[in-house]
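Note that ligands are numbered from 1 as they come in the structure, with each ligand's atoms numbered from 1 the same way.
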Amino acid sequence: MALKATEVLRANDMGGWTKAAPDLYPHQWSWDSALIAVGLARMDVSRAATELETLLAHQWRTGKVPHIVFNEDAPPESYFPGPDHWACAANSPDAPLAPPYTSCLIQPPVHAIAAHRIWQVASRAGEEQEKTARAFLGRVYPKLLAWHRYLMTHRDREGSGLITIYHPWESGTDNSPRWDRALERVEVGELPGFERRDLQHVDDPSERPTDFEYRRYIWLVESVKRAACDEDRVYASQPFQVKDVLASSILVAANEALLEIAEEVGAPKEDEESILSWISRGRAGLERCWDEELGLYLDYDVLAGEPLKARTVAGLAPLVAGQLPPGRLELLVERLHSPEFLGHPDLYRPLPPSTSPEDPGFMRHSYWRGPFWPIVTWLLWWSLERAGEYESAKKLRRTALAQIYENGFAEYFDPFTGEPLGADDQSWTAAVVLDWLCKPKSAPETVS
Ligand code: 9WN
């Protein structure tokens with residue numbers, strides 16, 4: 001299985017970066033790349049470091065890490081919206097020199113977590129690797145700090161500790177029912193005609209977002225473009241502005257990773273103070289998103305001024321942030337195992353469905369509306385380990401490996417049948433498999 005995972009990553013390797021999937025995603029995606037680097041660290045520390053550094057080379061002046069860096073060699077008909085559609089982003093004085101072009105959106109900030117994990121793997125792999133990783137940490141630290149500062153300022157003007165996203169793509173969980181109500185409120189204006197390219201790469205259109213959703217996605221891109229990708233103008237005009245609990249939870253954990261990196265590279269005390277304040281602000285913000293009735297954390301629609309009620313795996317995301325209020329960890333672990341998630345009687349295997357089958361928005365084939373995603377499981381597994389919930393973590397890891405062993409390195413899977421869906425040979429699926437197959441540092445188990 002490790003050999004196959006390695007083959008997938010090698011086949012998608014484009015030289016200093018990895019495409020997210022062979023056909024459907026021919027470019028470099030932000031959070032994919034970070035998680036791919038986690039897997040690559042098990043093959044080659046220096047290549048893992050390059051993966052992240054290639055992405056960070058396209059960081060904007062504001063500190064923003066773009067959600068896509070476009071592959072100049074990908075045929076124009078391979079992905080929409082591609083580099084031409086985003087070319088205007090390069091006119092922004094904040095954008096890096098182009099080509100390659102980048103999008104102007106973001107994705108969840110898993111990068112510092114990945115950098116820290118590369119460091120952990122390398123520091124157990126001998127002096128040479130450790131040296132390589134230490135130099136890498138020194139180079140990426142200022143970039144990661146600027147990225148987190150961007151998120152804590154431009155994406156949290158209210159000082160709430162929670163990140164605002166301007167597009168469902170920024171959440172990484174694009175068509176999740178989390179966004180339904182906020183998307184319904186978006187009025188789509190005059191749009192130039194466009195042709196979706198994604199549907200040609202999947203077996204059935206029901207695996208991808210609907211046209212209703214896509215028109216809104218493209219309108220939201222249009223609206224960022226009309227604001228010239230300028231932070232102040234986007235903030236003043238974007239019709240979709242949501243505090244995202246998953247991204248905000250990831251940021252808390254990423255800030256903890258950044259703090260350790262700061263110590264490792266001997267960063268100034270003021271940096272550490274800033275990072276510590278971001279961590280506590282983040283945790284306080286997340287607590288305000290707790291919904292007693294649903295027993296989950298909820299995203300918040302800033303424009304409508306109301307929480308977005310949906311039962312999705314993101315409702316458990318503060319597990320990723322860690323250090324929950326007394327009793328909450330136990331409660332969330334119980335919720336994870338409840339019939340709304342892992343304990344649902346119709347599940348093929350006890351793996352977290354992206355949306356609870358009990359939620360009215362659940363659809364077993366449709367992308368983030370139900371299918372099981374290996375990378376989300378990896379994040380939960382990683383968080384359970386950090387929280388000392390070794391038994392639950394071990395079960396998740398073994399079940400996910402069994403699923404992928406049986407059905408391949410798909411992008412996502414039908415939670416009721418285990419059928420592979422979306423792209424085949426998805427890079428981050430292979431990456432998390434590799435990471436899982438290598439004995440994790442803190443876990444008391446061995447790989448069988
Ligand atoms: C839009 C690449 C990306 C992932 C996202 C996933 C999907 C893109 C799309 O693919 O999003 O960014 O075209 O659907 O939702 O999480 O990073 O794998």
Minimum-distance protein heavy atom relative to [atom]:
atom: atom 18 (O) of ligand 1; answer: Asp32 OD2, 2.7 Å
atom: atom 1 (C) of ligand 1; answer: Tyr79 OH, 3.4 Å
atom: atom 16 (O) of ligand 1; answer: Gly172 O, 2.7 Å

Side chain to side chain donor-acceptor pair (under 3.5 Å) partner of Thr164, the single match among Gln241, Arg155, Lys243: Lys243
Pairing of Arg283 and Glu287 as salt bridge, 4.0 angstrom limit: no
Cationic N near anionic O, under 4.0 Å, Glu231 to Lys64: yes
Atoms of ligand 1, numbered as shown, that sit under 4.0 Å from any heavy atom of [X]:
X: Arg208; value: 9 (C), 13 (O), 14 (O)
X: Ala20; value: 2 (C), 18 (O)
X: Gln426; value: 18 (O)
X: Trp428; value: 4 (C), 16 (O), 17 (O)
X: His67; value: 12 (O)
X: Gln107; value: 4 (C), 5 (C), 17 (O)
X: Asp174; value: 1 (C), 6 (C), 7 (C), 8 (C), 9 (C), 11 (O), 14 (O), 15 (O)

[X] NZ/CZ over [Y] ring centroid, <6.0 Å and within 45° of normal:
X: Arg216; Y: Phe212; answer: yes
X: Arg349; Y: Phe372; answer: no
X: Arg196; Y: Phe80; answer: no

message: Please check this pair: side chain of Arg386 against backbone of Val320, looking for a donor-acceptor N/O pair closer than 3.5 Å.
response: yes
query: Is there a donor-acceptor contact under 3.5 Å from the side chain of Arg215 to the main chain of Val188?
result: no
- request: Before signing off on this row, confirm whether Thr173 and ligand 1 have an N or O atom pair separated by under 3.5 Å.
  value: no
message: Below 3.5 Å, N or O to N or O, backbone or side chain included: is there any such pair between Ile68 and ligand 1?
response: no
message: Judged on heavy-atom distance to atom 7 (C) of ligand 1, which of Trp169, Trp29, Phe80, Tyr367 sits nearest?
response: Tyr367
- request: Examine Trp428 together with Phe409 and report whether their ring centres are nearer than 6.0 Å.
  value: no
